[in-house]
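All values below come from the heavy atoms of this structure, side chains included, with hydrogens, waters and symmetry mates left out.
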Amino acid sequence: MATLAEIQALLGEPRFNWSDPAPWIELERELGVAFPADFREIVDAYGSVSVNGQLYLKHPAGHLLHSLVKDIRMDLEFWREEDMAEFLPSRAGAGPGEVLPVATATTGEAIFLRVPDDSSSPWRVVVQEMDSPAWTLYEMTFSDWLLAYLRGRDVTLCVRDRAPEGPFYEFLP
């Protein structure tokens with residue numbers, strides 16, 4: 001699993017550095033699932049940000065304009081609609097084997113975490129391309145997926161044309 005230090009080496013020093021677990025506890029209680037530690041650590045470090053002007057990561061803190069809690073609620077409703085459900089590998093939700101929407105991209109992709117079938121299985125990343133009915137399952141943790149993206153590897157999202165000077169982030173307005 002990629003470390004926060006590896007992410008920082010490419011993306012830069014985080015400036016959000018959230019330490020209060022209350023928003024996560026509330027969201028996890030609502031959904032009935034605990035988010036993977038690597039996802040929480042990255043989002044707690046960086047907050048609600050745009051990465052390379054393409055990938056939107058959001059934090060669950062309620063005072064933020066761009067909140068993960070609000071997005072997950074809206075996205076679950078959207079992806080559970082009959083005409084959208086067919087574009088995912090499994091049901092949108094927080095149950096075992098379901099996919100949980102956690103990020104979006106300006107280029108039309110939706111990023112999901114696939115909830116493990118059991119506690120001994122790892123979380124995985126699914127990327128759905130809105131401009132086609134295609135989705136891709138990445139057999140990697142969120143931190144590994146993000147690190148691959150930051151390194152310019154093809155993980156459905158591609159950074160090469162978005163950050164020619166190297167990866168960057170900025171807080172969402």
Side-chain angles (χ1 to χ4, degrees), residues 1-4 7 16 18-49 51 54-149 154-157 172:
M1 182 182 310
T3 65
L4 181 58
I7 304 290
F16 191 67
W18 189 268
S19 61
D20 180 4
W24 289 107
I25 292 169
E26 185 178 320
L27 177 58
E28 291 172 345
R29 187 176 304 130
E30 177 182 331
L31 295 172
V33 67
F35 282 83
D38 66 323
F39 179 76
R40 282 181 60 162
E41 182 180 36
I42 291 164
V43 173
D44 275 346
Y46 288 96
S48 293
V49 294
V51 178
Q54 179 182 32
L55 175 64
Y56 295 128
L57 297 177
K58 297 181 182 169
H59 193 276
H63 72 281
L64 298 172
L65 177 61
H66 300 281
S67 170
L68 180 62
V69 175
K70 294 175 201 164
D71 280 7
I72 286 178
R73 287 177 186 149
M74 287 185 341
D75 290 346
L76 282 175
E77 185 176 321
F78 173 78
W79 287 105
R80 286 177 176 164
E81 291 178 13
E82 187 175 328
D83 57 339
M84 294 310 296
E86 67 183 276
F87 297 112
L88 295 175
S90 60
R91 183 177 188 271
E98 295 180 337
V99 292
L100 189 58
V102 295
T104 58
T106 59
T107 46
E109 296 83 3
I111 294 82
F112 297 81
L113 295 176
R114 186 184 180 281
V115 182
D117 292 319
D118 57 63
S119 61
S120 65
S121 297
W123 288 76
R124 297 297 182 218
V125 175
V126 171
V127 180
Q128 199 288 332
E129 298 178 71
M130 285 297 287
D131 59 350
S132 73
W135 55 266
T136 305
L137 171 66
Y138 291 93
E139 294 288 341
M140 55 180 69
T141 63
F142 181 79
S143 59
D144 288 334
W145 179 87
L146 182 60
L147 187 61
Y149 166 73
D154 184 3
V155 287
T156 306
L157 294 181
L172 293 174

Identify, with sequence neighbours excluded, every residue that meets side-chain contact (heavy atoms from CB on, under 4.5 Å) alongside Glu129.
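Glu109, Asp131, Ser132, Ala134, Thr156.
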Residue list, side-chain contact (heavy atoms from CB on, under 4.5 Å) with Pro96, at least two apart or on another chain
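None.
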Once ring-ring contact (aromatic ring centres under 6.0 Å, His included) is applied, what residue pairs with a partner in residues 71-94 remain, sequence neighbours excluded?
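Residue pairs with at least one partner in residues 71-94: Trp79-Phe112.
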Pairwise distance [atom1]([X]) to [atom2]([Y]) - rounded to 0.5 angstrom:
| X | Y | atom1 | atom2 | result |
| --- | --- | --- | --- | --- |
| Ile42 | Leu57 | CD1 | CG | 8.0 Å |
| Tyr149 | Phe142 | OH | CZ | 10.5 Å |
| Leu65 | Leu172 | CG | CG | 8.5 Å |
| Leu88 | Arg80 | CG | CZ | 11.0 Å |

Do Asp75 side-chain atoms and Pro101 backbone N/O form a donor-acceptor pair below 3.5 Å?
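Flag not set: sc Asp75 to bb Pro101 has no pair under 3.5 Å.
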Test side chain to side chain contact (heavy atoms under 4.5 Å, CB included) applied to Leu4 and Asp38, step by step
CA-CA 8 Å; Leu4 181 58; Asp38 66 323; over 6 Å; no
Could you work out, with side-chain hydrogen bond (donor to acceptor under 3.5 Å, both in side chains) as the rule, every residue matching [X], not counting sequence neighbours?
| X | value |
| --- | --- |
| Thr3 | Glu6 |
| Glu30 | Arg73 |
| Glu41 | none |
| Glu77 | none |

Only counting residues at least two apart or in another chain, list the ones meeting salt bridge (charged side-chain N to carboxylate O under 4.0 Å, His left out) with Asp71.
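Checked Asp71 against salt bridge (charged side-chain N to carboxylate O under 4.0 Å, His left out); matches are Lys58.
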Partners of Phe35 by ring-ring contact (aromatic ring centres under 6.0 Å, His included), sequence neighbours excluded?
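For Phe35 the ring-ring contact (aromatic ring centres under 6.0 Å, His included) partners, ignoring immediate neighbours, are Trp24, Phe39.
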Going by the rule ring-ring contact (aromatic ring centres under 6.0 Å, His included), which residues pair with Phe16 if we only count those two or more places apart in sequence or in a different chain?
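ring-ring contact (aromatic ring centres under 6.0 Å, His included) list for Phe16, sorted by chain: Trp18, His59.
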Test side chain to side chain contact (heavy atoms under 4.5 Å, CB included) applied to Trp135 and Val99, step by step
CA-CA 12 Å; Trp135 55 266; Val99 292; over 6 Å; no
Among residues two or more places apart or on two chains, list those pairs meeting salt bridge (charged side-chain N to carboxylate O under 4.0 Å, His left out) that have a residue in residues 88-99.
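Pairs touching residues 88-99 that pass the test: Arg91-Glu98.
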Would you be so kind as to tabulate the donor-acceptor pairs closer than 3.5 Å made by side chains of residues 114-127, with sequence neighbours excluded?
residue : atom : partner : partner atom : Å
Arg114  : NH2  : Asp117  : OD1          : 3.3
Arg114  : NH2  : Asp117  : OD2          : 3.4
Asp117  : OD1  : Gly97   : N            : 3.4
Asp118  : OD1  : Ser120  : N            : 3.0
Asp118  : OD1  : Ser120  : OG           : 2.5
Asp118  : OD1  : Ser121  : N            : 3.1
Asp118  : OD1  : Ser121  : OG           : 3.1
Arg124  : NE   : Glu139  : OE1          : 3.1

